[in-house]
Amino acid sequence: IAARMRAARSSGCLDLSSCDIERVTDELLSSAQGGVAADEDWWTVVDLTELRFSNNRIVAVDAGALLDLKDNLQVVLLDNNQLVDFPQGLLELEGLRKLVLAHNPLRDLPNELCWPELAMLDLAHTKVSQVPPSLSQLLNLQHLDLSHCSLRELREPLPATISKLQLNDNEIEYIGDQVFSRVSNSLRTLDLSKNKLSCLPSSFSDLSVLQIADLRYNRLEVLGSLLPASAVLDQVLLGFNSLTRIDDVGLGERCPALSVLMLNDNKISALPEEQLVRCAELKMLEIGNNNIADLPAALGYMPKLQGLNAIGNPLRGIRFSILQAGTQKLKAYLRTRGPAPPSLAAEVNGPATGIDAKSPFQQLLWSNEPVRDAAAAARSSGILRLDQLFATNESQVAHDNVQVLLSAFAGVDGENLDDEDSPFRARPLQHLGLSGNPLGVVPRCLASRQLSLDTLLCLELGNVGLSELPLAALASCCNLEKLVARKNRLVDAFSDALAGPRKLLLTKLKHLDLRENQMVEFPQVVLSECHQLEDLLLGFNNISRDDGRLGQLRSLKTLDLSNNRLPDLPQAILAMPMLEFINLENNACSSVPYEVATLPRLRTLLLSGNPQRVVRPHIVAEGSAAVLAYLKDRCTTDQLTAMHKDLDAQMPTAAAAALRIGESRNGERAANRPDAENYSSNAGGFSDSQHKHFASQPSSGPKTSGAPATPRPEDIAALDQQIAEMEDRLENDFSLSGTQRATLRRDLAKGRAARSRMMTGQVIA
């Protein structure tokens, strides 16, 4: 307490909250005021303006304790104490602006309240049962909190300056007509919830600036003409009352800004359709647990309505599953039950659309808000994303809806989206996403000669239930660059193209995704026609054979054949110099040719999940770089020479030469081995007769200090033999300790460096 007293002399705020104080006395406050102490500077001492005694056990405040502070004190907090009687010393504080006495067993207020500057009075959670008439004399009071008290009635007028009034959780049964007479132009928030009101005073309708009216948990029976005529009224909460009807009060005219209307848990039997549709700003309508037998179709056309809850009503014509599906599904269903009312027709149809309001396109557009948003986005971007927007429809309905939309974008069937006066003027369609819709077949419009989709570059048909993908179905999409048809039931793709002469449609295709289908072989049309294809994704199929034509895709960069049944890596891959990514995971490959590592641009090779024994599992686990290095290290000179020829043909001279320099040493080493012939033909590495075990021999690095400037071939061969023995020992001798392996790796590095120096000297010579 002493430390807080000293801090208060410089801050002006004495905070003695949670100090277990039982009484506020003159002695308690004396040390926080007075003259300048010997250890203080006069300019650091300020007057005390705020007292905080929250969360104590105060039962009384001495009358003279606050007397010396009355000229400067503005804030007093005495909440969460044990005050039973009102502290009379507070009445002397003429400059008081904020007084908090909440959570006290306070019973009565003094008859005379004279705080001319008071702006906030908090008496919540007390036992106050009456409001004194002098309350109206607090001419600057803006916030009055009398919630959770024992009030039964209000008769005296409120101060004219109140903007927030909290009277919830009382037992109020009656409010006099004069209570709101002075606050018609100031009261903005009114909370009268959890009382016993059966009617409202006539002055309630004069609250012209009211924004929030909370009247829940009362006994109101009729919402009549007493509803305030406020242009800023935003929320009216009338849930948990006894309302039986809503009179013709003109909601739209009296409350044009109304956005939240809660009428749940009442006894309402019918909704005033004409009144609700005039509430143009209504965003949330809560009408659950009433006696409503039917919902007006007009609710489905209210453009800003985002929350509509009608669960708990005896609705006979609407299934419970629709009520549970959410607001948008419910609104869409209501729109199918009738046309838009005249007051909403202009807003629904849009200004001067140039489109018949009864056309299938217009009905679809305004019966499905997500579709409307997708069409609006496509108008400016050329990207029409309809993914999963018709997922709940039947197959034929989803197909027809897609047909209507694409016909409108193409300007057929009477629609004209390219009209200068049309708000739906669309850019040329470049991207069409239909994934996740139960179409069953490719939409007919994509094969129509009337529907020209020459600008379409990307088509997504993933998870649409396709069992076949005929090439003729894409007749209008002659410039496709990306086609996605994954997660379908395709056994073969474009099989109809083999029947006879036809127009080439896939010559510009660069990306083809046919993963997660049931294909048993490579699509023949793709292999023969898609010469610009860069990405071919065929993972998660049943492909088990290769006809050798895959090598025709000379531009292919990404090849995904994972999770198929291929017995070997297709040999045609070795003739595809542009490959950068190969995924062969989870197949039945029993071998991997070393030559695959000579592909000049290959950076990723995934082999896990295959029964092959060429690359050991621990090398596969290290990643693609380790796998490619392992395979490349076992290539012969002829294989590397063939790769260099391809480099010269495919890459600039400088780039090919640089890559050739890096590979020449490994190739010469493999060529000079005595076992080079067997090594290239044996997919598993050395033959059994060539395996050597050096567990009992001490590791020693090759001697390199005396290497001549022009090394002899026999010296290079001997060094190669030592390096090969150390490599074989590292790979096959599992009895080596960790220290021995580290030493052997160091000696192997020294040997390779020595051979590099020897080769450099030979080249110079």
Side-chain angles (χ1 to χ4, degrees), residues 493 509-515 519-615 619-620 623-636 638-651 659 663 680-681 683:
L509 195 65
K510 295 183 179 180
H511 179 99
L512 177 61
D513 187 351
L514 295 174
R515 289 174 292 178
M519 303 182 65
V520 296
E521 62 180 0
F522 294 105
Q524 300 302 313
V525 174
V526 174
L527 301 181
S528 61
E529 181 175 322
C530 304
H531 300 301
Q532 297 186 28
L533 194 65
E534 298 180 356
D535 303 319
L536 178 59
L537 310 180
L538 296 172
F540 294 91
N541 278 282
N542 297 319
I543 300 176
S544 58
R545 59 181 181 270
D546 171 31
D547 60 358
R549 301 175 61 188
L550 190 62
Q552 298 180 15
L553 304 178
R554 303 284 293 180
S555 299
L556 200 65
K557 297 180 180 179
T558 301
L559 177 61
D560 183 3
L561 297 174
S562 61
N563 296 276
N564 280 282
R565 300 179 181 179
L566 290 171
D568 292 296
L569 186 146
Q571 291 294 322
I573 289 179
L574 303 178
M576 303 166 71
M578 305 299 290
L579 270 178
E580 300 175 358
F581 178 97
I582 301 176
N583 187 355
L584 287 169
E585 292 181 330
N586 302 318
N587 275 277
C589 297
S590 58
S591 64
V592 178
Y594 301 135
E595 295 89 341
V596 70
T598 64
L599 293 174
R601 298 192 179 188
L602 188 61
R603 295 294 178 267
T604 302
L605 177 61
L606 306 179
L607 297 174
S608 62
N610 285 280
Q612 59 84 25
R613 300 179 60 86
V614 177
V615 185
I619 298 178
V620 174
S624 297
V627 171
L628 293 174
Y630 181 87
L631 295 173
K632 191 178 296 182
D633 194 43
R634 281 151 180 75
C635 291
T636 63
D638 294 339
Q639 293 167 344
L640 292 174
T641 302
M643 180 193 72
H644 296 154
K645 291 181 179 179
D646 289 340
L647 278 174
D648 293 335
Q650 298 290 336
M651 304 172 64
L659 185 58
E663 300 295 341
S680 61
S681 61

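Just so you know, these numbers use all the heavy atoms, side chains as well, and skip hydrogens, waters and symmetry mates. Count residues from 1 along the sequence.
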At their closest point, which heavy atom of [X] faces which heavy atom of [Y], and how far apart are they?
X      : Y      : result
Met519 : Leu514 : SD-CD1, 3.9 Å
Ala588 : Asn610 : N-OD1, 3.5 Å
Leu569 : Cys589 : N-SG, 3.8 Å
Asn587 : Leu561 : ND2-O, 2.8 Å
Gly539 : Asn564 : CA-ND2, 3.9 Å
Val620 : Val627 : CA-CG2, 3.8 Å

Going from [atom1] on [X] to [atom2] on [Y], what distance comes out if it is rounded to the nearest 0.5 angstrom?
X      : Y      : atom1 : atom2 : result
Lys510 : Cys530 : NZ    : SG    : 12.5 Å
Leu602 : Ile573 : CG    : CD1   : 9.0 Å
Asp535 : Leu509 : CG    : CG    : 9.5 Å
Leu628 : Asp633 : CG    : CG    : 12.0 Å
Phe540 : Asp560 : CZ    : CG    : 8.0 Å
Leu556 : Arg554 : CG    : CZ    : 11.5 Å

Do [X] and [Y] have side-chain heavy atoms sitting under 4.5 Å apart?
X      : Y      : value
Leu574 : Val596 : yes
Ser590 : Asp568 : yes
Leu559 : Pro570 : no
Met578 : Arg601 : yes
Cys635 : Thr598 : yes
Ser624 : Leu606 : yes
Met576 : Ile582 : no
Ser528 : Gln552 : yes

Do side-chain atoms of [X] reach the backbone of [Y] as a donor and acceptor pair under 3.5 angstrom?
X      : Y      : value
Asn583 : Ser562 : no
Arg565 : Arg545 : no
Glu529 : Leu527 : no

Cut-off 3.5 Å, side chains only: do Glu585 and Ser608 have a donor facing an acceptor?
yes
Can a donor-acceptor pair be found between the side chains of Asn586 and Asn563 at a distance below 3.5 Å?
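Checked: Asn586/Asn563 side chains pair up, N/O donor to acceptor below 3.5 Å.
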May I ask you to decide whether Arg603 forms a salt bridge with Glu580, counting only side-chain N to carboxylate O separations under 4.0 Å?
no
